[in-house]
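For reference, the structure discussed in these notes is given below.
These numbers come from the heavy atoms of this one structure, side chains and all, not from hydrogens, waters or symmetry mates. Letters A, B, ... mirror the listed sequences (proteins, then strands); counts begin at 1.
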Number of protein chains: 2
Amino acid sequence: MKTLSYALLSLLARQDFSGYEIKQLMQAPIGFFWRARHSQIYPELARLEELGYVTHEVVEQQNVPDKKVYTLTAAGREQLRQWVSEPSEAAVIRDEFLLKTFSLWLADPAAAIAVVEDQARQHVEQLRVYEGIKQHIETEGAGEFMQPSSAYFASYITLMQGISYEQQYINWCRMIVEQLEALAD
Amino acid sequence: MKTLSYALLSLLARQDFSGYEIKQLMQAPIGFFWRARHSQIYPELARLEELGYVTHEVVEQQNVPDKKVYTLTAAGREQLRQWVSEPSEAAVIRDEFLLKTFSLWLADPAAAIAVVEDQARQHVEQLRVYEGIKQHIETEGAGEFMQPSSAYFASYITLMQGISYEQQYINWCRMIVEQLEALAD
DNA sequence: AGATTCTATGTCAATGGTGACATAGGTAAT
DNA sequence: ATTACCTATGTCACCATTGACATAGAATCT
C-alpha cells in the first residue's frame, strides 16, 4: 500500500467524505505534508473500495451534483492503525530553495537578499495559516486536544510541527539576510 | 529546465566531476535536500551536454575504469546564476511520518511512543552527520565561509538550515513523547 | 445572452523518479 | 576458486504524479 492510500484513510478515519471534499482537504490540512490532485484521489478511492477498506453511497444534493460519500470499514481502520504503529524512514528533504542557497555565492548580493526575503515572506504567510488553524483546534477541540486518543490531539501535534518548522525556516532566512547585508559592505 | 539539471550544475560550478562522483555526492552533501539515482544522473548529464551547458573529457585511470569528467561551460554557469537569482515557490512538505502523527490517536500509547522515539533517533543521527560536515567546512573554508561570494559560504548557510531543521524536528519529537508519557497515566 | 465560477467525477498522455538489469575489470576476503 | 564488492556507465520497465481534457447542471456576474 502506498502512502497516498493512508492519507485518504487518515481523513476517512475522522469523518465520511466525498472525493471532492477530500480533494479540498488535500490542499489545506493534510495537504500541508502530503498533497494530491483529484486525478489521483478518485482512482485511489475506487481502488480502496475494491480492497474493502472503504465503501461508498451516493448522496443526492439540491442545486449541486450528486456526490459519492466514502466511509471507512473496520478493515480499513485496522489497516491504518497498523501502518501508524510501524516506524517510518525519516523523510528526505526536497527543497528547491535550499538547492538555490547552495549556489547563492554565484548571485550578486542584492539578488541574493531579494530571493531570501521572498522565501521568508512565503513562510510567514504559511505560519499565519497554521496559527489560524491552531486557534480553531484550541477552541473547537478544547478539553479534547490533550488526550492522545482524540483526533484533536493528533491534529494539534501535527500542526505544532508545521508551526515550529515555519518559525525555524523564517529565522534561518532572516539570519542569511543579516549576514548578506553585513558582509556586502 | 528541471530542478535536477540545476542540482548537477550546482556541483559542477564548484568543481569538475564524473557522473559516478556526482552520484555519490547526491547521497551526501546535496543529497540532503535533493536526491537522484545514477539512472537519472547519466542521461541528464548527456542532455546538459547537448544543450551546451557542460562538456566532458574521458580520463583514464589505473586499476579502475575510465571516467567521463564533466566541466561547466560559461553558458551553463550563466544559466545557473540566473536560476539562483529568481524567487522559488516554498517547498511542499512531503513527510510520511507527519501523516502518521495525524493518525496517531488510533495507535495505543506504547506503540505511539515507540514510533516517535524511532523517528527522533533517525534525526539525531542525521544531525550528527551535519555537525561533522560543519566542522569540516569551518576548518577547510576558514576565513572564506563568511564571504558571500565564496562557495564555502553557500555550503555553510545551507548546512545551517539542515542543522536547524534537525534540531527543531528532534525537539518536536521529544515534546510528543513527553506528552504521551504524561497523559498515558 | 454570454462568460465565468463552483460542485462533482472521471480519464489520459506526459513527465519525473525508482529499481532492476546489464557489462566489465579490479580488489579483497573466505 | 568462488563470492562479494567497488569503480564506472548505461538502459529500461514500472510506478507516482501532474496537467490537460471532458462532461454537466446551477449560480452569478457583465
Side-chain angles (χ1 to χ4, degrees), chain A residues 1-9 11-12 16-28 30-31 33-51 54-70 89 91-96 99, chain B residues 1-8 11-12 16-28 30-51 54-70 89 91-96 99:
Chain A
M1 286 264 287
K2 50 186 158 185
T3 308
L4 173 63
S5 313
Y6 293 109
L8 303 180
L9 296 181
L11 287 168
L12 294 171
D16 292 352
F17 288 113
S18 70
Y20 190 78
E21 285 160 350
I22 289 177
K23 181 207 109 187
Q24 287 169 315
L25 293 169
M26 292 295 271
Q27 289 173 313
I30 270 210
F33 41 91
W34 205 273
R35 283 202 191 162
R37 317 267 164 179
H38 77 278
S39 53
Q40 257 190 302
I41 294 164
Y42 289 123
E44 194 57 31
L45 284 170
R47 211 183 64 94
L48 288 172
E49 187 155 37
E50 268 182 56
L51 292 168
V54 300
T55 54
H56 85 267
E57 60 176 313
V58 176
V59 174
E60 283 173 51
Q61 299 180 109
Q62 61 275 45
N63 298 339
V64 284
D66 297 356
K67 60 178 176 179
K68 289 189 185 178
V69 173
Y70 287 86
E89 294 258 315
V92 175
I93 303 169
R94 201 176 172 76
D95 187 326
E96 196 183 90
L99 205 56
Chain B
M1 284 263 289
K2 48 184 160 187
T3 309
L4 173 63
S5 314
Y6 293 108
L8 302 179
L11 288 167
L12 294 172
D16 291 353
F17 287 114
S18 70
Y20 190 78
E21 286 160 349
I22 289 177
K23 180 206 110 188
Q24 288 170 315
L25 294 169
M26 292 293 270
Q27 289 173 312
I30 272 210
F32 296 142
F33 40 89
W34 205 272
R35 282 202 191 161
R37 317 269 165 178
H38 76 278
S39 54
Q40 257 192 301
I41 294 165
Y42 289 123
E44 193 58 30
L45 283 170
R47 211 183 63 94
L48 288 172
E49 187 155 36
E50 268 181 57
L51 292 168
V54 300
T55 54
H56 86 267
E57 60 175 312
V58 175
V59 173
E60 284 173 51
Q61 299 181 108
Q62 59 276 44
N63 298 337
V64 283
D66 298 355
K67 60 178 176 179
K68 288 189 185 177
V69 174
Y70 287 87
E89 294 258 315
V92 175
I93 303 168
R94 200 180 171 74
D95 188 326
E96 196 182 90
L99 205 55

| Reckon Gln24(A) touches a base, only the sugar-phosphate, or nothing at all at heavy-atom distances under 4.0 Å? |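 It contacts sugar-phosphate atoms only.
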| message | Under 4.0 Å, heavy atoms only, any strand: does Lys23(A) hit a base, just the sugar-phosphate, or nothing? | response |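 Result for Lys23(A) = nothing.
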Minimum heavy-atom separation for [X] to [Y], with atom names?
X: Leu12(A); Y: Tyr70(A); value: CD2-O, 3.5 Å
X: Ala91(B); Y: Asp95(A); value: CB-CG, 3.6 Å
X: Phe17(B); Y: Ile22(B); value: CB-CG1, 3.7 Å
X: Lys23(A); Y: Ile41(A); value: CA-CD1, 3.5 Å

| Does Tyr42(B) have a side-chain nitrogen or oxygen under 4.0 Å from the phosphate oxygens OP1 or OP2 of dT9(D)? |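 Yes, within the criterion.
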From the options [options], select the nucleotide whose nearest atom is closest to the side chain of [X].
X: Tyr20(A); options: dA8(C), dT18(D), dA24(C); value: dA8(C)
X: Lys67(A); options: dG10(C), dT11(C), dA8(C); value: dA8(C)
X: Gln61(B); options: dG10(C), dT7(C), dA8(D); value: dA8(D)
X: Pro65(B); options: dG10(D), dT7(D), dT11(C); value: dT7(D)

Once rounded to the nearest 0.5 Å, what's the spacing between atom [atom1] of [X] and atom [atom2] of [Y]?
X: Trp34(B); Y: Leu4(B); atom1: CH2; atom2: CG; answer: 8.5 Å
X: Met26(B); Y: His38(B); atom1: CE; atom2: NE2; answer: 13.5 Å
X: Leu99(B); Y: Tyr6(A); atom1: CG; atom2: OH; answer: 11.0 Å

Euclidean distance, atom [atom1] of residue [X] to atom [atom2] of [N] [Å, nearest integer]:
X: His38(A); N: dT18(D); atom1: NE2; atom2: C1'; result: 11 Å
X: Ile22(A); N: dA8(C); atom1: CD1; atom2: C1'; result: 13 Å
X: Leu25(A); N: dT7(C); atom1: CG; atom2: P; result: 12 Å
X: Lys68(A); N: dG10(C); atom1: NZ; atom2: C1'; result: 9 Å
X: Tyr70(B); N: dA8(D); atom1: OH; atom2: C1'; result: 12 Å
X: Glu60(B); N: dG26(C); atom1: CD; atom2: P; result: 13 Å
X: Glu89(A); N: dT18(C); atom1: CD; atom2: P; result: 13 Å
X: Gln27(A); N: dT7(C); atom1: CD; atom2: C1'; result: 14 Å

| query | Are the charged groups of Glu44(A) and Arg47(A) less than 4.0 angstrom apart, N to O? | reply |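 The answer is yes: the pair qualifies as a salt bridge.
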| DNA chain D: Glu21(B) or Pro43(B), which has the more 5' nearest nucleotide? |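 Looking at DNA chain D, the more 5' nearest nucleotide goes with Glu21(B).
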| query | Are the side chains of Met1(A) and Leu48(A) in touch, meaning some heavy atoms are under 4.5 Å apart? | reply |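 Yes; the side chains approach each other to less than 4.5 Å.
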Would you list the protein and nucleotides 13-16 of chain C atom pairs, both N or O, that sit under 3.5 Å from each other?
| residue | atom | partner | partner atom | Å |
| --- | --- | --- | --- | --- |
| dG16(C) | OP2 | Lys2(B) | NZ | 3.4 |

| Which residues satisfy the side chain to side chain contact (heavy atoms under 4.5 Å, CB included) test with Val69(A), sequence neighbours excluded? |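 Val69(A) satisfies side chain to side chain contact (heavy atoms under 4.5 Å, CB included) with Asp16(A), Val59(A), Lys67(A) only.
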Which atoms of nucleotides 26-28 of chain D (N or O only) lie under 3.5 Å from a protein N or O atom, and what are those distances?
| residue | atom | partner | partner atom | Å |
| --- | --- | --- | --- | --- |
| dA26(D) | O4' | Asn63(A) | O | 3.3 |

| message | At less than 3.5 Å, do the side-chain atoms of Ser39(B) and the base atoms of dG19(C) form a donor-acceptor pair? | response |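 Answer is yes: a donor-acceptor pair is held.
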